[in-house]
Asker: 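First, the structure itself, so that you have it in front of you.
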Amino acid sequence: MNNLEIAKLLRSVAAAYQVNPATSSEPTSHFRIVAYQNAADAIEHLTSEVKDLWDDDKLREIPGVGNTIADYLDELFKTGKIKHFEEIMHDLPPAMFELMDVPGIGAKRALRLSRELGITRAHGALEKLIHAAEHGHIRNLEGFGEQLEKEILLSVKTVKERSKRLLLPFATIVAEEVVEYMQKHPGVEKIETLGSLRRRTATVGDIDIAVATNKPKEVIEHFAAYPKKNKLIEKGDSTSSLLLPGGVQVDLMVQPAQYFGALLQHFTGSKHHNIALRTYALKKKLSLSERGIKSGGRIEYFENEEAFYKRLGMDWIPPELRENDGEIELALLHQLPKLVELEDIKGDLHMHSNFPQETSHDAGTNQMEDYANMAVGLNYEYIGFTEHNLKSSTSEAKVLDVLKQKQELAEKLNLKLKIENLKLCIFNGLEIDITPSGKLALPENAFTTLDYAIVSLHSSFRGTKADQTKRVLEGLAHPKVRIFGHPTGRKLNNREGVELDWDKIFDYALKHNKWIEINSSPDRLDLPDTLARQAVKLGVKLIVDTDSHEISWLSGMRYGISVARRGWAEKKDVVNTLSLQEFEKILHST
DNA sequence: GCCGTTTTCGGCCCGACTGTTTTCAGTCG
């Protein structure tokens with residue numbers, strides 16, 4: 001069972017407790033339900049497989065997993081099932097747990113719909129629900145009505161249409177359009193995109209927007225009239241939600257400007273950060289909400305977030321860190337890291353020009369000189385060209401010949417830049433496949449043409465953790481290799497990354513001056529943020545690259561920086577923040 | 001069921017919105 005399946009199982013158990021009249025009358029039952037949901041949450045967000053943690057006897061290290069759930073998971077991995085779970089879910093129709101995927105349907109509605117509409121089997125449950133709604137079978141159930149039936153029909157269709165989360169850059173663009181529209185209304189005093197978008201997670205669920213205004217009604221009306229909307233989901237006094245084409249949901253929250261600090265804080269999340277923050281505040285007899293901070297029945301207001309956090313005795317916490325992963329404790333000690341910024345970047349070492357060579361994978365569309373001009377505009381001090389290695393069918397002599405030409409071209413460009421008195425240095429690199437056997441897809445004598453190499457995985461993503469780790473370590477061993485490119489090989493919404501023993505990879509990188517790439521491609525953002533955090537903790541050097549295949553991609557650097565910041569990286573952790581002189585030194589040292 | 005810089009017992013974030021009723025339950029973030 002993988003993590004998502006285990007999380008779903010725990011959620012199902014929580015739901016079973018929720019609808020069970022025997023247990024739900026116990027006073028502590030609500031908290032048991034929450035505990036199962038918390039454990040499910042934690043497991044969903046884990047980077048390592050629960051199975052691997054179990055192998056290493058580390059289940060208890062998962063937050064929200066205590067003795068009881070750890071024992072159940074132990075039973076699961078030993079016997080393939082959990083007796084106690086089977087018992088409490090025994091009388092419940094399996095379809096119920098599928099129906100719960102529909103927004104607006106929780107445990108109780110799911111059970112009633114399942115029983116009263118005769119939808120029992122998990123397979124095809126959503127289709128049957130659509131059928132029932134379309135034929136007006138839901139409106140007559142007690143506690144349901146015509147509105148709810150319509151609601152359910154739309155939600156279930158949305159959930160089927162939208163199984164994928166938005167990639168960060170796409171979400172950014174959609175959000176910017178809505179913000180632009182909202183700013184046309186004179187009542188909008190301040191506006192910010194918040195939620196996971198502000199925290200810069202690799203994929204975004206909903207788009208959250210906050211507005212400061214003293215005309216909440218008018219602002220919400222304006223929002224509800226957004227011309228691109230498919231549907232108005234809800235509209236209240238202080239919040240409203242829209243559905244855009246493609247199943248993109250936009251949530252708006254409005255408050256007077258005096259509340260804006262608390263509003264930003266509340267709406268940025270994450271949920272776990274907020275819960276931890278409120279739990280801490282309660283100990284100080286303070287109660288937090290999106291309006292402000294209540295103390296002894298009196299509420300205090302904050303126009304900005306800095307003041308809000310200060311009132312709690314802590315430094316302002318950058319949104320990227322708000323995941324309840326130690327940031328609150330450090331903010332109290334005034335010891336938060338100073339995160340790397342886009343302006344710190346001095347070069348980009350992974351880009352593909354259109355240099356004519358028969359590469360193993362897709363080539364770039366712009367010539368080297370175009371990239372150089374862009375880089376000068378970005379105030380970079382150095383860049384590196386890393387076209388893919390040539391096709392494996394190419395003869396050794398031809399490979400050497402082509403790569404010598406590329407080397408000469410790069411040198412010529414360096415000369416030209418010098419003559420024009422432009423301070424940009426060109427490095428000549430290559431992105432080389434690590435073949436399934438661990439060999440590099442380049443003949444040894446061709447390495448002499450290169451300043452450095454990136455190695456990466458482009459095929460054979462399956463295979464055991466041990467085998468893949470061995471493959472990567474062998475691939476990294478060549479002295480010209482500096483960078484491990486898009487390390488997990490994941491494609492967001494599309495393909496999981498390879499399984500690797502990161503302790504071993506990071507240890508090797510640390511000892512042999514290898515750098516782990518954060519690849520800024522929108523559908524990669526690879527290294528993932530959680531692994532970046534692990535690398536930073538160990539002192540492993542990161543490099544943020546764009547993997548540009550055309551010059552416009554260079555601006556994607558900011559997304560890679562977001563990942564680095566979510567990994568708690570400071571300037572010192574990222575090698576392409578170094579000046580040219582320092583960078584050359586580290587590039588050539590072993 | 002989980003958890004500990006007030007606690008190994010006794011707490012557990014907080015408030016919003018909707019639909020269906022008529023004072024609230026269910027759901028969500």
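Protein chains get the first letters and strands the later ones, always in sequence-line order, with residue 1 at the start of each.
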Asker: Regarding Lys284(A), tell me which of base, sugar-phosphate or nothing describes its non-hydrogen contacts under 4.0 Å with the strands shown.
Answerer: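 Nothing: the residue Lys284(A), judged by heavy atoms under 4.0 Å, touches no strand.
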Asker: Any base atoms under 4.0 Å from Val13(A), or only sugar-phosphate, or nothing? Heavy atoms, all strands.
Answerer: nothing
Asker: Students often get this wrong, so: under 4.0 angstrom with heavy atoms, is Ser241(A) touching a base, only sugar-phosphate, or nothing?
Answerer: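 Here Ser241(A) touches no strand at all.
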Asker: Heavy atoms only, 4.0 Å cut-off, all strands: where does Lys283(A) land among base, sugar-phosphate and nothing?
Answerer: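 Base, at least one base atom sits under 4.0 Å.
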Asker: Check every strand shown and say whether Glu142(A) touches a base, only sugar-phosphate, or nothing at a heavy-atom separation below 4.0 Å.
Answerer: nothing
Asker: Using a heavy-atom cut-off of under 4.0 Å over every strand shown, decide if Ala107(A) touches base, sugar-phosphate, or nothing.
Answerer: sugar-phosphate
Asker: Between dT27(B) and dT21(B), how many Å separate the two P atoms, rounded to a whole number?
Answerer: 16 Å
Asker: Does Asn67(A) reach a base, just sugar-phosphate, or nothing at all? Heavy atoms under 4.0 Å.
Answerer: sugar-phosphate
Asker: Give a yes or no on whether a salt bridge exists between Lys81(A) and Glu75(A), defined as a side-chain N under 4.0 angstrom from a carboxylate O.
Answerer: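 Not counted as a salt bridge, because no side-chain N and carboxylate O are separated by less than 4.0 Å.
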Asker: Need one value for Gln37(A): base, sugar-phosphate or nothing, where a base atom within 4.0 Å counts as base even if backbone is also close, heavy atoms only.
Answerer: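 Here Gln37(A) touches no strand at all.
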Asker: With a non-hydrogen cut-off below 4.0 angstrom, is Leu282(A) in contact with a base, only sugar-phosphate, or nothing?
Answerer: sugar-phosphate
Asker: Can you check the distance between dT20(B) and dG26(B), where both ends of the measurement are the C1' atom (answer in whole Å)?
Answerer: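 Approximately 11 Å lies between the C1' atom of dT20(B) and that of dG26(B).
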Asker: Look at all strands and tell whether Val34(A) reaches a base, only sugar-phosphate, or nothing, counting heavy atoms closer than 4.0 Å.
Answerer: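 Since no nucleic acid heavy atom lies under 4.0 Å of Val34(A), the category is nothing.
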Asker: So what does Asp237(A) touch, heavy atoms closer than 4.0 Å: a base, only the sugar-phosphate, or nothing?
Answerer: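 Touches sugar-phosphate only.
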Asker: Please give the nucleotide sitting opposite dC24(B) as a Watson-Crick or G-U wobble pair, both distances under 3.5 Å, or none.
Answerer: dG19(B)
Asker: Give one of base, sugar-phosphate or nothing for Phe267(A), where a contact means two heavy atoms less than 4.0 Å apart.
Answerer: nothing
